[in-house]
Amino acid sequence: MREHVIDGMRYLAAGAGWPVVLIHAFPLSAEMWRPQLARVPDGWRFIAPELSGLAPSLPPEDGGHRISHNSPSPPSGQRVTMVDYARGIVRLLDRLEIDQAIIGGLSMGGYVTFALYRLAPERFTGIILADTRPGADSPDGRAARAQMRELLAAHGPAAIADQMLPKLLSPDADTDLVAGVRRMIEDVPPDAMDSALAAMMERPDSTPDLPRMSCPTIVIVGEHDQVTPVAEAERMQAKMPRSRLTIIPGAAHLANVERPNEFAQALHDFLVAPM
Ligand code: MLT
């Protein structure tokens with residue numbers, strides 16, 4: 001596994017062969033894909049971009065708002081959208097001279113995948129949608145995001161970790177695993193986290209796109225995922241013309257982190273026999 005930075009865009013990569021782009025979840029980073037980067041099947045090249053390096057970063061005078069742990073008020077400027085992240089992925093692919101890839105992500109990574117498919121469907125040879133959902137945020141969901149932005153501004157990523165960890169992993173998850181995910185969250189720059197919250201609360205409903213997303217697709221979901229439950233994954237998969245569903249036993253939302261072997265097996269099976 002190697003870490004790269006190209007034109008300010010950071011990504012992790014492993015393997016050699018047809019590219020597979022894995023987009024990370026909130027409130028995490030490309031680090032969350034280390035278990036998959038350690039298990040790349042022969043003939044494939046896994047690339048995990050860091051979303052924060054792909055979005056445009058506006059200086060405060062341009063309407064951006066750098067948050068500080070001491071500031072009680074949430075950022076006011078709307079800075080980043082899912083389309084910005086999607087454009088960033090296209091830029092990275094261009095820079096790596098990759099015309100087409102299997103592209104997908106987990107949870108927020110799925111939201112970016114929907115935006116990218118609307119922007120550049122010709123770049124896809126397959127789609128991976130893990131522990132994600134096509135719908136936009138409900139009014140309550142948006143209000144919860146706004147509260148989370150306030151919490152982040154007041155108390156930093158550690159407070160977000162406190163709130164999110166019980167949703168990301170199973171109650172009986174190994175304590176070392178929980179500590180590792182907490183470290184990952186606490187290492188994410190607050191600005192990047194805030195931008196992701198803003199982008200998620202403004203994202204559109206991607207449900208109408210599902211029937212048009214006709215590449216071979218795998219929908220993966222943790223058996224105990226409460227953020228994007230199995231029933232939601234089943235509804236999404238039923239609307240996608242060339243898709244299959246794999247449920248990861250014993251996993252919650254971060255299925256790839258909690259059950260890396262089973263997740264890797266699901267990916268492997270999809271890569272070698274997409275339909
Ligand atoms: C994620 O895992 O990316 C987030 O839980 C998604 C969300 O909050 O909608």
Side-chain angles (χ1 to χ4, degrees), residues 21-36 48-52 54-55 74 80-82 84-86 89 103-116 128-152 157 159-170 173 177-178 180-182 184-190 192-207 219-233 235-236 248 251-259 263:
V21 177
L22 298 170
I23 308 170
H24 66 79
F26 173 87
L28 292 137
S29 64
E31 299 295 320
M32 67 163 266
W33 290 114
R34 280 184 185 267
Q36 280 60 55
E50 187 69 55
L51 288 178
S52 61
L54 298 184
V80 173
T81 66
M82 288 297 154
D84 291 319
Y85 291 136
I89 304 271
I103 304 171
L106 190 141
S107 201
M108 179 177 73
Y111 309 160
V112 178
T113 302
F114 293 127
L116 181 53
I128 299 163
L129 294 172
D131 299 278
T132 193
R133 58 167 168 247
D137 277 1
S138 65
D140 285 353
R142 288 168 53 92
R145 302 264 193 226
Q147 277 175 9
M148 209 184 270
R149 294 180 79 183
E150 288 182 21
L151 182 70
L152 175 64
I160 302 298
D162 290 341
Q163 187 167 321
M164 291 293 292
L165 274 167
K167 300 180 194 165
L168 298 177
L169 298 169
S170 305
L177 187 73
V178 178
V181 174
R182 173 179 286 280
M184 256 191 270
I185 296 173
E186 290 182 356
D187 282 349
V188 174
M193 228 180 240
D194 184 66
S195 294
L197 281 165
M200 286 194 294
M201 65 194 282
E202 294 305 325
R203 75 188 194 283
D205 182 9
S206 298
T207 311
V219 175
I220 305 176
V221 64
E223 180 188 16
H224 305 304
D225 188 344
Q226 290 175 24
V227 181
T228 52
V230 170
E232 185 133 24
R235 278 196 296 277
M236 177 167 73
I248 306 290
H253 187 55
L254 283 187
N256 74 305
V257 174
E258 203 166 358
R259 291 285 184 272
F263 195 98

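Ligands are counted one by one from 1 in listed order, and the atoms in each one are counted from 1 as well. Position 1 is the first residue of the sequence; numbering continues from there.
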Checklist line | CZ-CD distance between Arg34 and Glu31, expressed to the nearest 0.5 angstrom | finding: 4.0 Å
Check: Which distance, rounded to the nearest 0.5 Å, do you find between the CG of Leu54 and the CG of Asp84?
Finding: 10.5 Å
Next item on the list: Return the minimal non-hydrogen interatomic distance between Pro157 and Leu152, and the atom names on each side.
Entry: N-CD1, 3.7 Å
Margin query: Just by distance, no angles: are the side chains of Thr207 and Asp205 close enough, under 3.5 Å, to form a donor-acceptor pair?
Written below: yes
Please tabulate, one line per pair, the protein N or O atoms found under 3.5 Å from any N or O atom of ligand 1, giving the distance to one decimal.
unit_1	atom_1	unit_2	atom_2	d
ligand 1	2 (O)	Phe26	O	3.1
ligand 1	2 (O)	Ser107	OG	2.9
ligand 1	2 (O)	His253	NE2	2.8
ligand 1	3 (O)	Phe26	N	2.7
ligand 1	3 (O)	Phe26	O	3.4
ligand 1	3 (O)	Ser107	OG	3.1
ligand 1	3 (O)	Met108	N	2.9
ligand 1	8 (O)	Arg145	NH1	2.8
ligand 1	9 (O)	Tyr111	OH	2.5
ligand 1	9 (O)	Arg133	NH2	3.1
ligand 1	9 (O)	Arg145	NH2	2.7

Notebook entry, point to check: Are the side chain of Arg149 and the backbone N or O of Met193 linked by a donor-acceptor pair below 3.5 Å?
Noted result: no
Item checked: Gap separating the CD atom of Glu258 from the CG atom of Asn256, nearest 0.5 angstrom -> 10.0 Å
